Amino acid sequence: MKYLWLTLFTFIKLQSQNVPLLYNFEPHKIPITNNSELYQNPFAGGIDNPRFQFVDIDNDNDLDLFIIDRDDVLQFYECENPTKYKLKPTRSFAIQTVNWVKFVDIDNDGDLDCFGNNLNLGITFNKNIGTKNNPIFQTISSAVKDTIGNFIQCEFYAVPSFVDIDGDGDFDFFAGTSNGQVTFYENIGTANNFSYRYVTDYWQQLNIQGSGLTQKKNNFQMRHGSCVLEFFDSDSNGTLDLFWGDFFNSSLYYLQNTGTTTNPKLVLRDSTYPKESPIKTAGFNMTQHVDYDGDSKIDLIVGSLFFTQTTNSLLFYKNIGTNKSPFYKLISTNILTMLDVGSRSFPTFCDLDLDGDEDLIIGSDRGNILLFKNITDNQNPKFLDSNIVILSLPNLYYVTPTAGDLDGDGKPDLLIGDYTGSVRFYKNISQENNINFTFQIFGLDTLDIGYNAAPYLSDITNDSLLDLLIGNSAGKIIFLKNVGTKLNPKFEITSSVTDLIDVGTDATPSILNYGNKKNLISGNSEGTIKLFTNIGTSSSPQFSSTQSNSFKISTDLIKINSAPVAVNLSNKIIPDLFIGNGKGGILYYSGSVYLNVDEKIIPNNFNILGNYPNPFNSSTSIKFELPADGIVEIDIYSILGEIVESINLGKLNSGSQNYSFVANNLASGVYYYSIKFINFKSQIRKTNKMVLIK
């Protein structure tokens with residue numbers, strides 16, 4: 001018993017000082033406004049080059065939205081009401097694809113199946129083995145073959161179309177090619193069992209070449225590139241016309257079907273569409289004609305897939321005419337409102353307007369540094385997007401700001417890294433509401449740390465002076481101790497503090513304060529977040545890799561260039577994380593202690609009923625309830641947060657479950673069992689405590 005009380009005291013002490021920590025993605029928790037409206041998905045991470053499809057995936061009579069953009073992550077936005085879409089990060093569909101999805105009832109059973117693509121220029125087939133209300137997808141083929149056993153071809157950057165072009169009741173397959181032609185596979189199976197026969201790479205003798213709106217009459221070097229195809233009956237005559245988004249066309253090619261429902265004949269009518277308000281983006285436009293706003297008239301949604309179109313890339317053209325005589329008006333260039341500064345976002349926080357709360361500052365890939373004021377307080381933060389650019393550095397890329405008072409005047413100054421590896425000092429000379437920074441010569445001007453300098457200011461050595469961390473493109477983090485004063489800082493490179501750290505490429509460091517200890521976190525080019533604990537002292541730190549089970553964060557939605565910053569906005573014990581990424585948005589993660597967490601993710605009736613006996617000697621029965629069939633995994637943790645045993649129970653049926661845990665190899669003490677339930681909707685983890693006494 002004496003040992004047990006000692007163990008409990010140790011746990012309380014560790015809980016107040018150490019990790020383990022859990023971070024959950026919450027894109028809607030903290031609001032952002034632009035004064036006229038609240039953003040629908042404020043911290044969802046940005047949108048770049050969206051390959052999208054509107055489809056009623058859950059049979060509730062509204063159109064949901066799937067998007068795969070530049071990072072090849074499939075995101076699901078559920079329709080809450082017309083024109084209002086909410087990201088559902090916990091809804092997993094287990095669809096195998098890389099950069100596009102096409103939902104279609106290919107087997108005529110009343111529910112939607114899904115095709116995608118793979119890295120080998122082929123297509124995948126994911127069958128819905130659930131229902132039309134509750135889809136569950138299973139990959140049937142990662143590379144679909146045609147009738148003679150060859151893989152169906154679809155160029156990697158092309159987005160194809162499934163459509164019944166010959167009126168026989170099944171879906172044929174069309175894919176554009178980078179030489180300006182169309183590959184056609186005829187479905188010669190049945191409505192219930194598809195079978196694709198290769199027909200031609202030169203369907204309808206189409207050869208689209210040119211540059212759309214920018215094409216000159218005397219331009220003899222016609223261009224062609226990857227394309228997106230959409231078939232839609234635009235003139236309401238019963239035949240399917242073709243809309244062709246080409247890499248080199250900033251608008252859209254319109255090809256009218258002058259044939260019949262069983263014998264199509266496509267004729268190029270125009271290289272701009274719609275004529276009353278032509279699409280004009282950077283190029284490579286994807287379209288879907290769909291009733292977006294619920295008024296029973298078919299509108300036009302446009303996504304620009306061109307690599308430089310990193311903002312205003314998902315457009316809404318409202319049909320203010322009729323379905324038979326449509327007339328389109330551009331209403332919005334960004335139907336999913338969220339924080340998005342372009343690409344490569346780098347956040348930092350400081351009280352820039354000196355009103356007592358933390359404001360958000362973001363550096364971007366094109367040299368702009370933007371301010372998002374906190375217009376409430378730290379307890380209930382709310383940020384204002386008023387398009388305030390506090391610094392514009394057009395000759396620099398990947399500008400990475402960090403803030404701190406470096407001259408003792410009470411106002412936060414900026415250190416700014418960039419792709420060249422330089423770190424520049426910008427003094428805060430703001431007067432009242434006039435925010436202003438000016439470049440000044442500083443002691444870091446001759447510093448060479450490689451490429452992609454990512455600085456971060458923090459009092460790391462607990463001497464009331466701001467020290468400096470700088471990440472670089474090689475994945476290293478350089479520590480510079482401040483050996484000067486508050487009025488005249490002087491930074492010197494200090495070895496051993498971060499020498500053990502290597503995050504891969506493009507290190508973006510930050511300090512995470514928890515339990516009177518300073519932990520170091522860093523992002524990298526692959527989008528992961530790594531934590532490094534201080535194995536030295538508070539005044540002489542040394543950071544080293546921590547065990548993976550001590551820091552839990554899912555970065556499945558961040559595949560390129562993570563840039564985390566830790567900040568305490570709500571007087572919580574554990575700071576929250578704001579993470580920039582390669583798409584120019586910011587993702588918000590709330591923090592909690594891992595062993596005490598109860599992740600309440602839908603479905604909400606997964607329950608742990610406890611274990612009996614507890615305390616126990618050698619064995620105990622762990623009881624829990626499952627809301628549906630799913631995979632169950634159990635991790636046993638020591639009081640130090642270390643996994644001492646992992647059990648995979650495989651797939652279990654819904655209902656009450658018992659698992660007999662035998663602890664022959666464990667010493668007496670307090671342990672935690674963490675049960676993870678996995679099904680097609682989500683992953684849910686719940687944790688409970690047990691005491692072993694031998």
Side-chain angles (χ1 to χ4, degrees), residues 46 339-354 357-374 383 385-407 411-430 435-440 442-445 447 449 451-459 466-473 477-478 480 482 489 491 506-511 521-523 561-567 577-582 584-587:
L339 193 157
D340 192 341
V341 300
S343 63
R344 291 295 298 265
S345 52
F346 301 92
T348 195
F349 282 85
C350 69
D351 183 7
L352 188 57
D353 51 10
L354 304 180
D357 54 43
E358 296 287 334
D359 304 305
L360 173 59
I361 296 174
I362 304 176
S364 66
D365 62 326
R366 299 288 174 168
N368 287 333
I369 297 177
L370 299 96
L371 170 64
F372 297 80
K373 283 188 177 183
N374 185 348
F383 295 98
D385 182 358
S386 53
N387 198 29
I388 298 177
V389 179
I390 59 176
L391 270 177
S392 182
L393 308 169
N395 295 323
L396 301 180
Y397 295 92
Y398 308 150
V399 290
T400 310
T402 183
D405 182 6
L406 292 173
D407 53 11
K411 295 185 290 189
D413 307 298
L414 293 178
L415 289 181
I416 297 174
D418 65 74
Y419 79 105
T420 67
S422 299
V423 177
R424 296 173 171 85
F425 172 55
Y426 286 83
K427 178 178 171 57
N428 188 344
I429 59 171
S430 303
I435 298 173
N436 197 5
F437 290 87
T438 183
F439 172 76
Q440 288 192 359
F442 197 63
L444 299 172
D445 293 339
L447 182 67
I449 58 97
Y451 291 98
N452 292 354
Y456 184 80
L457 287 165
S458 179
D459 177 14
L466 290 173
D467 305 302
L468 181 61
L469 297 166
I470 305 178
N472 67 12
S473 61
I477 298 174
I478 295 91
L480 297 93
N482 187 347
F491 296 100
D506 289 341
T508 52
S510 175
I511 292 294
I521 57 175
S522 179
N561 297 109
S562 54
V565 61
V567 61
L577 290 181
F578 290 78
I579 303 176
N581 69 357
I586 304 293
L587 299 96

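All residue numbers refer to positions in the sequence shown, counting from 1. Note that the coordinates shown come from a computational prediction; the quantities given were computed from them, not determined experimentally.
- Residue Tyr419 is tested with Tyr451, Phe346, Tyr397 for a ring-ring contact (aromatic ring centres under 6.0 Å, His included); the sole match is Tyr397.
- When atom types are taken as modelled, the side chain of Asp413 and the backbone of Asn428 share a donor-acceptor pair closer than 3.5 angstrom.
- Checked against a 6.0 Å centroid threshold, the rings of Phe425 and Phe442 count as neighbours.
- Here Arg366 pairs with nothing under the salt bridge (charged side-chain N to carboxylate O under 4.0 Å, His left out) rule; sequence neighbours left out.
- Shown here for Val565 and Ser510, the closest heavy-atom pair between the two residues is CA-OG, 3.5 Å.
- Residues Pro401 and Ile362 come closest through the heavy atom pair CG-C, 4.4 Å.
- Under a 3.5 Å cut-off, the side chain of Ser343 and the backbone N or O of Gly584 do not form any donor-acceptor pair.
- Here the side chains of Leu393 and Tyr426 are in contact, with some heavy-atom distance below 4.5 Å.
- Considering every non-hydrogen atom in both Ser422 and Thr420, the closest pair reads OG-OG1, 3.2 Å.
- Formation of a donor-acceptor pair under 3.5 Å by the Lys427 side chain with backbone atoms of Gln440 is not found in this model.
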Would Ile478 and Leu447 count as a side chain to side chain contact (heavy atoms under 4.5 Å, CB included) if you check the C-alpha gap in whole Å, the side-chain angles of each, and the deciding distance to 0.1 Å?
CA-CA 11 Å; Ile478 295 91; Leu447 182 67; over 6 Å; no
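- Formation of a donor-acceptor pair under 3.5 Å by the Thr402 side chain with backbone atoms of Leu457 is found in this model.
- For the pair Pro455 and Leu415, the tightest heavy-atom approach, listed with the atom from each and the gap, is CG-O, 4.0 Å.
- At least one side-chain heavy atom of Leu352 sits under 4.5 Å from a side-chain heavy atom of Ile390.
- Although no hydrogens or angles enter the test, the distance criterion places a donor-acceptor pair under 3.5 Å between the side chain of Asp385 and the main chain of Asn387.
- Closest heavy-atom contact between Ala563 and Pro347: O-CD, 3.4 Å.
- Across all non-hydrogen atoms, the minimal contact from Ile369 to Gly363 is CG1-CA, 4.3 Å.
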Intermediate values then yes/no, side chain to side chain contact (heavy atoms under 4.5 Å, CB included), Asp351 and Asp359
CA-CA 5 Å; Asp351 183 7; Asp359 304 305; 3.8 Å; yes
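- For Phe383, the CZ atom is densely surrounded, since the number of other residues' heavy atoms within 6.0 Å is greater than 12.
- Taking the side chain as every heavy atom from C-beta outward, Leu406 and Leu466 approach each other to under 4.5 Å.
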